[in-house]
Undergrad: 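Got a structure for you, questions after.
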Amino acid sequence: MVARVIPVEPFDLVIFGATGDLARRKILPALCRRYAEGQMPPEGRIIGAARTELTREEFHTMVSEAFDEFLGASAPDAALRAEFFERLDYITIDALGDDGWNDLSGRLRDDVVRAFYFSVGPSLFGPLATGLGRFGLVTPETRIVVEKPFGNDLETARALNQTLAAHFNETQIYRIDHYLGKETVQNLMAVRFANILFEPLWNARFVDHVQITVAETVGVGGRGAYYDKSGAMRDMVQNHMMQLLCLIAMEPPYSFEPDAVRDEKLKVIHALDPVEPRQVVRGQYGGGADTASYADEVETPDSNTESYIALKVGISNWRWKGTPFYLRTGKRLRARTSEIAVTFRDPPHSIFGEDAPWKANILVIRLQPDEGMTLKVMIKEPGPGGMRLKDVALDMSFADALGEDMHIPDAYERLIMDVIRGNQTLFMRGDEVEAAWAWTDPIIGAWQKSADTPKPYDPGSSGPDEALKLIHLDGRSWREIR
Ligand code: BG6
């Protein structure tokens with residue numbers, strides 16, 4: 001299946017933090033791939049910017065090494081690299097001072113889209129926005145791309161929004177949540193709003209509960225300093241899982257326009273019930289045979305930060321009142337798997353008798369890996385022996401349905417092209433981020449005020465036992481992580 005590639009218009013893209021991990025691992029490979037596919041036009045230009053003194057050639061060598069390290073077999077060949085590097089420049093700049101800014105200004109063209117990607121630590125978001133204003137680099141066709149974390153709580157997010165608003169209109173600000181760029185996450189909207197099948201059943205009358213799982217096998221690795229201040233709640237729930245929850249729970253937007261979609265997501269966040277401490281379980285992984293414990297990895301023996309969290313969330317609106325949403329995410333779990341499982345209620349009456357085995361219909365949307373969908377349905381088991389019922393899976397994997405060699409683009413490929421195109425649908429609006437923090441803050445505040453400590457769990461397990469109880473108390477159980 002050949003995707004239709006529509007080139008974006010010519011642009012200058014400045015990546016602040018170009019020597020950092022995200023730029024080398026994700027942003028530059030994504031751009032090279034879009035170039036290879038013909039979506040980034042030959043007139044597109046990228047300027048890597050960072051504090052490190054490097055020549056253009058030294059920067060190219062660094063990026064080339066990153067391609068080899070992170071893209072493996074799919075790394076671009078020498079000819080493609082050479083072409084791509086013709087469009088890749090480098091500039092040394094001091095985000096906090098004056099050095100480099102005038103030089104940068106001189107390299108930008110006035111008549112093309114201008115995008116500045118803040119791939120830097122959050123403490124530099126404000127200074128960069130101010131620098132762009134101070135050195136007169138902001139044109140009407142300018143956009144900025146802001147990475148997470150967008151604030152650490154409501155107060156800091158609000159202050160950051162205000163700083164950005166001093167130099168940019170909301171239509172120029174692209175707050176990235178890379179989950180929204182994942183093909184399968186966008187597919188959630190296609191499943192819901194391009195099919196008539198599900199919508200009539202998509203409410204508390206027919207849905208018993210929803211489980212959203214984002215499980216990872218990796219630990220915090222070298223990101224300990226950042227992670228230990230964030231924990232799973234800030235790192236995953238406030239942003240990525242919140243976005244998944246919104247896409248599953250929102251009303252149909254009137255169109256796929258940015259504000260139509262974002263308005264509906266915002267309404268979901270406003271309708272979220274406050275979460276009581278008994279509805280949350282936090283966990284922290286211990287050490288394994290050949291893996292360090294969380295506390296060792298972050299080098300803080302008495303760390304009180306969670307590497308796992310499970311929550312029961314309610315939504316108070318007409319559609320969802322009475323249907324719990326169970327969210328869980330964690331590191332060093334048994335398998336890397338992200339999925340959303342919608343479990344439907346039982347039929348009101350069984351014509352096959354009280355004793356007929358019954359399993360609920362479940363729609364599972366697998367986000368990664370093995371992207372696809374499964375619908376569990378009841379059938380009659382073939383053959384004699386009476387009316388024997390059995391649950392079977394209608395199973396669809398994207399790879400089978402769309403061709404084994406189908407390339408599922410990385411989230412950043414889609415999102416960066418959307419920035420150039422000026423399409424904000426898959427980016428978070430300022431009020432959305434603030435609303436998400438307004439819901440998150442009291443949950444974090446409650447365990448900070450109490451003596452709550454994360455429950456230990458074994459690496460390679462499904463998380464702490466207490467998380468099992470959280471859902472068992474409601475007579476339900478988690479889906480297996482595998
Ligand atoms: C990041 C978090 O935003 O998302 C990481 O900071 C996490 O801690 C990552 O590992 C997960 O992303 P993905 O795309 O691998 O599911």
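We count ligands from 1, going down the list as the structure has it; atoms in each ligand are counted the same way. Count residues from 1 along the sequence.
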Undergrad: Hey, which atoms in ligand 1 end up nearer than 4.0 Å to a heavy atom of Lys331?
TA: 5 (C), 7 (C), 8 (O), 10 (O)
Undergrad: Donor-acceptor pairs are to be reported for all side-chain atoms of residues 436-444 against protein atoms at under 3.5 Å, with residues two or more places apart or in another chain.
TA:
unit_1: Trp437; atom_1: NE1; unit_2: Phe150; atom_2: O; d: 2.9
unit_1: Trp439; atom_1: NE1; unit_2: Asp273; atom_2: O; d: 2.9
unit_1: Thr440; atom_1: OG1; unit_2: Ala436; atom_2: O; d: 2.6
unit_1: Asp441; atom_1: OD2; unit_2: Leu154; atom_2: N; d: 2.9

Undergrad: Salt-bridge test for Arg262 and Asp431: reply yes if a basic N is under 4.0 Å from a carboxylate O, no otherwise.
TA: no
Undergrad: Give the atoms of ligand 1, by number and element, whose distance to some non-hydrogen atom of Asp235 is under 4.0 Å.
TA: 2 (C), 5 (C), 6 (O), 8 (O)
Undergrad: How far is atom 12 (O) of ligand 1 from its nearest protein heavy atom, and which residue and atom name does that atom have?
TA: His178 NE2, 3.2 Å
Undergrad: Could you tell me the residue and atom name of the protein heavy atom closest to atom 14 (O) of ligand 1, and the distance to it rounded to 0.1 Å?
TA: Lys182 NZ, 2.6 Å
Undergrad: Considering only heavy atoms, does Arg336 approach ligand 1 within less than 4.0 Å through its side chain, its backbone, both, or neither?
TA: side chain
Undergrad: Out of Gln211, Arg479, Arg366, which residue meets the side chain to side chain donor-acceptor pair (under 3.5 Å) rule with Glu339?
TA: Arg479
Undergrad: What protein heavy atom is closest to atom 16 (O) of ligand 1, reported as residue, atom name and distance in Å?
TA: Tyr179 OH, 2.5 Å
Undergrad: Which class fits the ring pair His60 and Phe85: parallel under 30°, tilted 30 to 60°, perpendicular over 60°?
TA: parallel
Undergrad: Please could you name the atoms of ligand 1 that His240 approaches to less than 4.0 Å, counting only its heavy atoms?
TA: 1 (C), 3 (O), 4 (O)
Undergrad: Please name all residues satisfying side chain to side chain donor-acceptor pair (under 3.5 Å) with Asp153, sequence neighbours left out, ordered by chain then number.
TA: Thr156
Undergrad: Assess whether a salt bridge exists between Arg34 and Glu37, defined as any Lys/Arg side-chain N lying under 4.0 Å from an Asp/Glu carboxylate O.
TA: yes
Undergrad: Using a 4.0 Å cut-off to any heavy atom of Lys148, which atoms of ligand 1 qualify?
TA: 1 (C), 2 (C), 3 (O), 6 (O)
Undergrad: Among all protein non-hydrogen atoms, which one is nearest to atom 11 (C) of ligand 1, and what is the separation to 0.1 Å?
TA: Glu216 OE2, 3.6 Å
Undergrad: Can a salt bridge be assigned to the pair Glu199 and Arg319 using a cut-off of 4.0 Å between side-chain N and carboxylate O?
TA: yes
